[in-house]
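Letters A, B, ... mirror the listed sequences (proteins, then strands); counts begin at 1. Side chains included, hydrogens not; waters and symmetry mates left out as well; all remaining heavy atoms used.
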Amino acid sequence: VEHSEDAQERIERLAVLAGEDVDAFTELYRFYQPRIFRYVLSRVGIAADAEDITAATFEKALRNIERFDPKRAKFFTWLYQIASNTATDYLRKHKRVKVGVEDIGEAFGGNGLVSDIDVENYVTTVQLLQELPRSYQEVLALRYFEGLSVGDIAEVLAVSRGNVSTRLYRGLKAMGVVMKERETAAAGKYHARQRG
Amino acid sequence: MRVREVEGMDPEISGVKKPKNEEERQRMLDAARALLAVDTTAIRQNPESVEATLERLREVHREVAGGRRSEPGVPWYRRHPVLLAGSLAGAAALVLGLVIFLVIGTGPPSDPLGTLLSEKGRISVVTEAGLVETAGEGGAIEVFSGSVVETRSDSRAILFLESGSEVRLDSSTSVGVENAGEDTLAADLYRGNAYHRIAEGDDYVLAVDGLQVSGSGCAFNTDLGPGEVTAITVFGTTTVVDEMEETVCRQGRKVVAERPFGTARLPVTDVLDVEISTPWFGWNLERDEEGGFDPGALADEPAYPAPDETELPAETPADETGERQRPVEPVTRQPSAALSGVPGPLENTLTWSLDSIPAGSEAVLLKSQSGACTYPEDQYAVLGPETSFADGNVRGGQAYCYRVAVVSSGTVVALSNQEDLAVPLWSDASLQATLEGGAARLAWSWRANFEVTQIALVRSGDGTAPEYPPASGGQRAWLLTPGASSLRDDSIQQGVTYRYRAFLLSGLIVAGGSNEGEVVAQPGRPE
């Protein structure tokens, strides 16, 4: 989500116009919708729910567009902030469900660009993320799936850069531990089968 | 843009504890690699659902935009009596303002807070409105409230404040200044190292990553390092406040706030006797003496070479004219490193020279995108006996900084200058247009050093050159995924000449384009 200064300026201009000009809003929607959907999907893990949350994110953005202040935040960090809050609300209300290939597969369907291995790889990683505390999930997804800088993540989550660095560090550490546990469990099962 | 590197974990995670052992580090790297191995770019929402949402959003837009406009038939002042009162008050204020304007006139929009003077190299000031003004060595720029003053890796500057105070900026330093009202000047040290000489009676508060340092009639130095923030009181008394407590520091004391997790909102961890022996303080001592200020703790320290003197060759012996009387002292050569670099679209080429390097030490190349390279956080490669390095791990549109550090037993004994290299955008795209059974067939290929997010294929049928966004009504554009490499255009009309061009988009930016391809649809046979 790194933009050159020209693009950034253009986006901020579109954001200022979006409240009155439906075409400006449409352009912003077409540009950011895939990114927001991708981010939300990594948080909730179910394509149908991610669609609803993405739609709700843009509706909230539209209804509150007059509150967006380009001096205080970039448009995309503001949008990610709404998406993050909406996804967090959803996760609070819904019981955590273990994500499966069938839940996510349809988000990869239709374009024929990816193999089953890619989908499984994605599902496995999202499952790993879901075993972590939510505060780690969101920074890891924003940083490694979305490519946001630490400064931008700090803007999205309204915390300090130091806090983001700490969460990233601890998140990677926790994910490393979960991966190790999985490996150990898989090895245990394998040896048990061999013995059996 | 996805993060591509995991070596050294993640260059953006700074100021955190190191993994406690190699196994933990390895596990964290595995986690980072697992996250980066996932290709999320292929994920797309169902297109029908995307369009349905857009339709719904357009309805919401009509509703929201309509709500902002007046409803017909009912006068606005009936529906919004508060607005009516506000408008009347506003009109009265306008009239009053006009009267004041006519009677006493208007002053300048705001007075400058001070002037930034370059002592060495280029400096810049970014105003609150985002305008950037730069000046070369010896140049000066007026500084207004809300501005950020900056030095580069090879520059040094003094901000002379109207109040009589001075802020001296070391290289690679950024300080924001703002008039906080009631004669209080609020400053923020965003990066680097700065020396603050505060005039008697001046109300000056400096924030540095969670710490606040304030004082009047004093001098202090603040340094924002990767692992800690330090504030040294050089003269007089300062007050250092963190989230937990307030520490009063007398002359010659150094306050250290550790930032092990990248946050400075931690208690002050140490108050030490000051140990200052760097050319930076030597230069400040000189400035203090020139300005007639009390040098305070600096005066107790041995004489330092000024930063520039360390870079100059040794003085030549006195000649026969006797004009140069300085005795020649034996010179002990200090280890040194110098780096130069040339940016390229596909690689940055770096060349360095090392001098008087102690045996057993090694040279390490540091690389960062944060604007400043520090050891050990930004270690990139251990350098061998060769004296140049081509770094192919670069992306177009990105800026990288490099430094060479010479390390002996874990301690940096020499650090080169910093080279800031901006990689230009580069692409090579070609397009072929052919006529194929009444349709145009377009095929293209491209290479680029930036992330291509979409391909825009533009057709012009009205004689204009294809442009993106389309420049005329006779142009049509197709937005395609970066993986697409051909398209069949069935919508051409006979007898018309069509010109096509493929544009490489990176986000909203048109970052590259192909050659033009042309097809002339065969004229229809006469009836």
**OP:** Give the C-alpha distance, both sets of side-chain angles, the deciding distance and a yes or no for side chain to side chain contact (heavy atoms under 4.5 Å, CB included) between A:Thr26 and B:Arg58.
**Re:** CA-CA 8 Å; A:Thr26 302; B:Arg58 283 170 180 273; 3.4 Å; yes
Subject >> Pair B:Glu24 + A:Lys180, salt bridge at N-O below 4.0 Å >> reply: no
Original post:
How close do B:Met28 and A:Lys173 get, heavy atom to heavy atom, and via which atoms?
Top reply: CG-CA, 3.6 Å
Subject >> Part of B:Glu59 lying under 4.5 Å from any heavy atom of chain A >> reply: neither
**OP:** Report the C-alpha distance between B:Leu35 and A:Leu128 in whole Å, list the side-chain angles of each, state the deciding distance to 0.1 Å, and finish with yes or no for side chain to side chain contact (heavy atoms under 4.5 Å, CB included).
**Re:** CA-CA 10 Å; B:Leu35 288 162; A:Leu128 275 171; over 6 Å; no
Original post:
Which one, B:Gly397, B:Ala511, B:Ser49, leads in non-hydrogen pairs under 4.5 Å with chain A?
Top reply: B:Ser49
Original post:
For A:Gln33, is it the side chain, the backbone, both, or neither that has a heavy atom closer than 4.5 Å to a heavy atom of chain B?
Top reply: side chain
**OP:** Would you please name every residue forming a ring-ring contact (aromatic ring centres under 6.0 Å, His included) with A:Phe58, sequence neighbours left out?
**Re:** A:Tyr29
**OP:** Go through the atoms of A:Val164 and report whether side chain, backbone, both or neither lie under 4.5 Å from a heavy atom of chain B.
**Re:** neither
Subject >> Least distance between heavy atoms, A:Met175 atom then B:Ala34 atom >> reply: CE-CB, 4.3 Å
**OP:** Find out whether A:Thr54 and B:Val50 are in side-chain contact, i.e. whether some heavy atom of one side chain is under 4.5 Å from a heavy atom of the other.
**Re:** no
**OP:** Might you point out which heavy atoms bring A:Gly176 and B:Ala31 nearest each other, and give the distance in Å?
**Re:** N-CB, 3.8 Å
Original post:
Within the distance-only criterion (no hydrogens, no angle test), does the side chain of B:His61 pair as donor or acceptor with the backbone N or O of A:Asp23 below 3.5 angstrom?
Top reply: no
**OP:** Determine the minimum heavy-atom distance between B:Asp30 and A:Met179, stating which atoms define it.
**Re:** O-CE, 3.7 Å
Original post:
Considering all heavy atoms of both residues, which atom of A:Leu62 and which atom of B:Leu57 are nearest to each other, and what is their separation?
Top reply: CD2-O, 3.4 Å
**OP:** Measure the spacing between CZ of A:Phe31 and CG of B:Leu505 and express it to the nearest 0.5 Å.
**Re:** 9.5 Å
**OP:** Applying side chain to side chain contact (heavy atoms under 4.5 Å, CB included), name anything that partners B:Ser427, two or more places apart in sequence or on another chain.
**Re:** B:Ala448, B:Phe450, B:Leu504
Original post:
Looking at side-chain heavy atoms only, is the closest gap between B:Gln45 and A:Val40 below 4.5 Å?
Top reply: no
Original post:
Around B:Glu22, counting heavy atoms of other residues, nucleotides and ligands shown, do more than 12 lie under 6.0 Å from its CD?
Top reply: yes
